[in-house]
Amino acid sequence: MTRQIRLNGFIGFSPVHLSPGLWAHPRSRGADYNSLDYWVELAKILERGKFDALFIADGIGVHDIHGGSADAAIRAGAQFPKLDPLMLVSALAHETSQLGFGITASTSHELPAVLARRFSTLDHFTAGRIGWNIVTGYSDSGAKAVGREAVIGHDARYDRADEFLDVAYKLWEGSWEDGAVVRDRASGIFADPSRVHRIRHQGPHFDIDTIHLTEPSPQRTPFLFQAGASPRGRAFAARHAEAVFVGGPTIASVAPGVADIRARATAAGRDPRDIAIFTLATAIAAPTRAEAQAKLADYRRYTDPEGVLALFSGWTGVDFSTFDLDAPLAKGDRRENAVQSVIDSFTSADPDRVWTLREIVTHNGIGGRGPLFVGTPADIADEMEAWVNGADVDGFNLSHAFVPETFADFADLVVPELQRRGIYKRDYAPGTLRAKFSGSDRLKATHGGAQFRNLAAQSVA
């Protein structure tokens with residue numbers, strides 16, 4: 001069977017996500033990021049292109065490392081201001097019928113019972129199309145926003161995240177038995193109390209005594225994305241993730257991490273193909289190569305280099321404002337608690353390429369640190385196939401220069417070419433977001449959360 005490419009539209013709830021300065025392009029609607037019409041238009045474009053999901057990045061910190069302040073990010077509108085993506089989902093679900101929604105939330109900044117209720121609510125309102133992109137947080141800025149002095153240590157964040165997921169699974173999978181909801185008008189019984197169970201959990205990070213407040217939703221547990229690419233993050237993914245988001249500028253920088261995730265999944269008793277792996281990429285498409293290159297040149301006229309450096313400094317925890325732009329980037333130029341894979345993808349992950357900071361600014365200026373595919377639909381399809389075959393990824397989190405043009409061009413030009421080659425779906429599979437990936441609404445038996453499925457029947461204590 002021909003391997004099918006999967007796609008998510010990747011964006012943040014800000015004027016600019018990964019292309020600082022591009023909000024000012026005359027065809028960009030980035031300045032309208034706080035308009036519901038902007039998001040409805042985007043969701044409809046993605047559904048027209050048969051994208052699996054709208055994948056929204058989020059975080060409660062600001063990029064304030066570059067130059068010792070947030071000024072560069074604020075001036076560029078680079079992931080600032082930032083609205084709450086959970087608030088979008090109900091409206092967009094009402095305007096679409098198949099598109100999934102991958103929403104980012106941090107296990108370091110949320111509480112399990114509160115977040116579990118939010119995702120259960122959205123799973124009901126989307127008819128099972130909600131996914132959670134699990135992150136642990138990496139910035140002191142985000143930590144200070146919730147009253148901590150600094151971010152929790154890298155591996156300790158994942159220890160907390162493991163326990164967070166265990167509590168959430170107990171709530172989603174174990175608090176309500178199948179058939180607990182009766183809705184019997186004759187007897188006046190809405191739910192059977194003997195089949196609704198209190199969850200009691202005591203651990204290093206959480207002490208919980210509660211009943212999950214929402215009845216079982218179509219998926220119970222939302223579809224689980226995960227974005228950590230460090231060794232500890234990959235171990236977390238092997239247990240919990242149903243889809244993993246990775247990133248790097250070259251196939252050589254991404255392939256080893258993909259192989260490691262699949263090997264860890266196998267060691268955990270899972271089928272490595274049960275984890276769909278998406279890599280970051282951006283596509284600039286046009287009917288001819290000359291037109292595509294002209295678009296790219298036009299877009300780069302609007303790039304804000306200081307905004308790019310503000311993002312790069314924020315991700316890595318390193319203030320690059322004092323660095324020589326033309327000096328090679330060294331492996332040691334990172335902070336241990338930040339996003340470790342960001343620096344690695346430009347240094348040690350690809351031994352055949354040495355990057356200067358100036359080259360990184362140019363590369364990251366349109367769509368972030370993933371590859372930039374520029375050309376005709378056939379050119380872009382060739383590149384995507386090469387990545388699927390060379391890096392063993394399942395698909396792409398597609399970034400953009402700006403909305404709506406980048407996504408509309410891809411949906412209208414590239415998708416038909418992918419379909420013509422038989423490597424992209426012509427229509428959505430039926431059912432929930434999880435069913436579209438795995439054929440079932442429920443977690444697979446080999447998934448780390450499935451152990452909690454019969455917890456209620458075992459008399460939770």
Side-chain angles (χ1 to χ4, degrees), residues 8 10 12 52-61 84-86 89 100-120 122-123 129-139 142-143 146 151-152 154-173 203 205-206 217 219-247 257 261 264-265 268 270 274-280 315 337-341 397 433-434 437-438 443-444 447-450 452:
N8 298 317
F10 187 46
D52 291 289
L54 170 62
F55 189 109
I56 306 181
D58 193 38
I60 60 171
D84 185 344
L86 282 167
V89 175
F101 304 95
I103 305 299
T104 303
S106 170
T107 56
S108 296
H109 303 148
E110 299 280 359
L111 296 173
V114 177
L115 190 67
R117 183 173 72 145
R118 290 197 198 115
F119 274 108
S120 291
L122 290 175
D123 203 46
R129 289 187 280 145
I130 192 68
W132 174 18
N133 176 40
I134 307 163
V135 298
T136 63
Y138 62 87
S139 72
V146 295
V151 68
I152 301 169
H154 181 273
D155 287 4
R157 294 201 302 269
Y158 279 102
D159 294 340
R160 176 186 169 94
D162 273 319
E163 187 180 345
F164 191 112
L165 266 292
D166 285 349
V167 176
Y169 292 138
K170 290 176 182 180
L171 295 166
W172 286 320
E173 300 290 333
H205 303 282
F206 303 105
S217 63
Q219 297 181 117
R220 285 188 174 251
T221 296
F223 186 80
L224 298 176
F225 294 96
Q226 191 263 349
S230 68
R232 183 63 179 89
R234 294 172 196 164
F236 181 86
R239 181 180 177 219
H240 299 289
E242 297 171 279
V244 173
F245 177 30
V246 300
I261 291 168
R264 289 174 186 267
R270 300 178 65 189
D274 284 346
I275 299 179
I277 300 181
F278 292 84
T279 193
L280 176 64
W315 297 329
N337 271 344
V339 185
Q340 295 182 3
S341 63
N397 267 12
L433 182 57
R434 177 172 289 113
F437 276 83
S438 70
L443 292 173
K444 287 197 172 184
H447 185 279
F452 300 105

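Aromatic ring centres of Phe55 and Phe245: separated by under 6.0 Å.
The side chain to side chain contact (heavy atoms under 4.5 Å, CB included) search around Ala116 returns Leu171, Trp172, His212, not counting sequence neighbours. Under the rule for a ring-ring contact (aromatic ring centres under 6.0 Å, His included), the partners of Tyr158 that lie at least two apart in sequence or sit in another chain are His154, Phe236. Listed by chain and number, the residues in a side chain to side chain contact (heavy atoms under 4.5 Å, CB included) with His205 are Asp159, Arg160, Glu163 (sequence neighbours excluded). With sequence neighbours excluded, the residues satisfying side chain to side chain contact (heavy atoms under 4.5 Å, CB included) with Thr107 are Trp132, Ile134, Thr136, Ala161, Phe164, Leu165. Partners of Asp274 according to the side-chain hydrogen bond (donor to acceptor under 3.5 Å, both in side chains) rule, which considers only residues two or more places apart in sequence or in another chain, are Lys444. Partners of His240 under the side-chain hydrogen bond (donor to acceptor under 3.5 Å, both in side chains) rule, at least two apart in sequence or in another chain, are Asp162, Tyr169. Residues satisfying the salt bridge (charged side-chain N to carboxylate O under 4.0 Å, His left out) criterion with Asp52, sequence neighbours excluded, are Arg6, Lys425. Residues passing the side-chain hydrogen bond (donor to acceptor under 3.5 Å, both in side chains) test with Glu242, sequence neighbours excluded: Arg434. The side chain to side chain contact (heavy atoms under 4.5 Å, CB included) test applied to Ala235 returns Arg232, Arg264, not counting sequence neighbours. Take Thr104 and apply the side-chain hydrogen bond (donor to acceptor under 3.5 Å, both in side chains) test, not counting sequence neighbours, and it matches Asn133.
Between Gly247 and Thr279, the shortest heavy-atom distance links the atoms CA-OG1, 3.9 Å. Residues Ala241 and His447 share a closest heavy-atom pair of N-NE2, 4.4 Å. Ile60 and Gly142 make their closest contact through CD1-O, 3.6 Å (heavy atoms, listed as atom of the first residue, atom of the second, distance). The heavy-atom pair separating Ala243 from Phe223 by the smallest distance is CB-CE2, 3.7 Å. When all heavy atoms of Val167 and Pro112 are compared, the closest pair comes out as CG1-CB, 3.6 Å. Across all their heavy atoms, Ala227 and Val135 have their closest contact at CB-CG1, 4.3 Å.
Residues Arg118 and Val114 have side chains in contact (heavy-atom distance under 4.5 Å, counting atoms from C-beta outward). Between Thr221 and Phe119 there is no side-chain heavy-atom pair separated by less than 4.5 Å.
Looking at Arg270, its side chain never comes within 3.5 Å of a backbone N or O of Ala265 through a donor-acceptor pair. With hydrogens and angles ignored, the 3.5 Å screen pairs no side-chain donor or acceptor of Asn397 with any backbone N or O of Phe10. At least one donor-acceptor pair closer than 3.5 Å links the side chain of Asn8 to the backbone N or O of Ala53. Proximity of a side-chain donor or acceptor of Arg129 to a complementary backbone N or O of Phe101 within less than 3.5 Å is not detected.
The structure places CD1 of Ile130 at 10.0 Å from OG of Ser217, a figure rounded to the nearest 0.5 Å. Atom CD of Gln226 sits about 9.0 Å away from atom CD1 of Ile275, to the nearest 0.5 Å.
Checked against Val89 for a side-chain contact (heavy atoms from CB on, under 4.5 Å), the options Leu54, Ile103, Ile56 give a single hit: Ile103.
Within a 6.0 Å sphere centred on CZ of Arg117, other residues, nucleotides and ligands contribute 12 heavy atoms or fewer.
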